[in-house]
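Some notes on the structure that comes next.
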Amino acid sequence: IQVVMLVPFSSEGVAMKTIARPMALLSLLIVASVPQHYYYYTQLPDVVATHFGADGKPNDWMSRLNATLLVGGIQTLLPLFLLGVSWLSAKLPESMLNIPNREYWLRPDKREATLSHMQLLMSWIAVLTTAFMTVMSHLVFLANRDSVALNIALASTALVIYLAFVFTIAFSSVRRFRLPRTESVA
């Protein structure tokens, strides 16, 4: 699968990574969520815990059907929303885009490469978000199936890993959008 949202070339003419890899992974995660939720649904009690306190004990519940539809819907629609925001950013006025050194990176000779890079980053964030939601959905399923508290240690570990990757992407984008050093003429 080769998916390119915008022309994937930097201003130097060097091909940038396309978003094919994250899009394929995201598609796989979304498609895999259908049998995942069906598998869960058949093993859940009629009323399931959907919210847990800091101690891992449930403090809010939903019907099995509503909980499955809600989590499955969020797991599918949230990454699509993130991709939509990424696509929309190419259509917005420059003043609405918040990137470091915007005037430099959105010049006509750099705009396509900059927007392609932003789409690539957002695609990876969508993948990470979907993977995190898949893990959390599994942990909630286990807690409900086995009538035990949510495993806070695993949930916290998943959250820390997710945030570490998202912050790494954010910091790499800040670094990516620094102004290039100008060479002095001797």
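As the structure is a computational prediction, the values presented were derived from the model and not from experiment. Residue numbers count from 1 along this sequence.
In this structure, the side chains of Leu150 and Pro58 stay at 4.5 Å or more apart for every pair of heavy atoms. Considering only heavy atoms from C-beta on, Met118 stays 4.5 Å or farther from Ser86 through its side chain.
Trp105 places no side-chain N or O within donor-acceptor distance of the main-chain N or O of Thr114, the cut-off being under 3.5 Å. Using a distance-only test at 3.5 Å, with no hydrogens or angles considered, no donor-acceptor pair links the side chain of Thr130 to the main chain of Leu29. Formation of a donor-acceptor pair under 3.5 Å by the Asp60 side chain with backbone atoms of Thr50 is not found in this model. Without hydrogens or angle criteria, Ser172 side chain to Ile169 main chain gives a donor-acceptor distance under 3.5 Å. In this structure, Ser116 contributes its side chain and Ala113 its backbone to no donor-acceptor pair below 3.5 Å. Under a 3.5 Å cut-off, the side chain of Thr76 and the backbone N or O of Gly72 do form a donor-acceptor pair.
Of the inter-residue distances, the one linking Gln36 atom CD with Ile30 atom CD1 reads 12.0 Å to the nearest 0.5 angstrom. The line from CG of Leu70 to OG of Ser63 is 10.0 Å long, rounded to the nearest 0.5 Å.
Results of the salt bridge (charged side-chain N to carboxylate O under 4.0 Å, His left out) test with Glu94 over Arg102, Lys110, Arg111, Arg107 single out Arg111 as the only residue that passes.
Annotation for Asp55: atom CG counts as buried by contact number, over 12 foreign heavy atoms lying within 6.0 Å. Other residues, nucleotides and ligands contribute more than 12 heavy atoms inside 6.0 Å of the OH atom of Tyr104.
In the hydrophobic cluster analysis, where Ile, Leu, Val, Met, Phe, Trp and Tyr join through side-chain heavy atoms closer than 4.5 angstrom, Leu77 is grouped apart from Leu69. Tyr38 and Met133 fall into different hydrophobic clusters, where Ile, Leu, Val, Met, Phe, Trp and Tyr are joined by side-chain heavy atoms under 4.5 Å apart, directly or via other members. In this structure, Phe171 is not a member of the same hydrophobic cluster as Val160, with clusters built from ILVMFWY side-chain heavy atoms closer than 4.5 Å. If you chain together hydrophobic residues whose side chains sit under 4.5 Å apart, Phe81 and Ile125 fall into the same group. Side-chain heavy atoms closer than 4.5 Å link hydrophobic residues (I, L, V, M, F, W, Y) into clusters, and following such links, even through other members, never connects Leu142 to Ile152.
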Decide side-chain contact (heavy atoms from CB on, under 4.5 Å) for Arg64 and Asn144; before the verdict, give the C-alpha distance in whole Å, the side-chain angles of both, and the deciding distance to 0.1 Å. CA-CA 10 Å; Arg64 172 178 56 188; Asn144 278 288; over 6 Å; no

Do Thr129 and Tyr162 pass the side chain to side chain donor-acceptor pair (under 3.5 Å) test, and can you show the C-alpha distance, the side-chain angles, and the key distance before you say yes or no? CA-CA 7 Å; Thr129 301; Tyr162 169 72; 2.8 Å; yes

Report task. Show the numbers, then the answer: is there a side-chain contact (heavy atoms from CB on, under 4.5 Å) between Val48 and Thr68? Result -> CA-CA 9 Å; Val48 296; Thr68 302; over 6 Å; no

For Tyr41 and Leu65, what are the C-alpha separation, side-chain angles and deciding distance, and is it a side-chain contact (heavy atoms from CB on, under 4.5 Å)? CA-CA 8 Å; Tyr41 184 83; Leu65 176 62; 4.1 Å; yes

Is there a side-chain contact (heavy atoms from CB on, under 4.5 Å) between Val127 and Trp124? Walk through the geometry before answering. CA-CA 5 Å; Val127 168; Trp124 279 115; 4.2 Å; yes

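The two residues Leu120 and Pro22 come nearest to each other via the heavy atoms CD1-CG, 4.0 Å. Between Leu106 and Leu115, the closest heavy-atom pair is CD2-CD2, 4.4 Å.
Between Tyr39 and Phe141, the ring-plane angle classifies as tilted under the 30° and 60° cut-offs. In this pair, His138 and Tyr40 present their aromatic rings tilted. The plane angle is within the 30 to 60° band.
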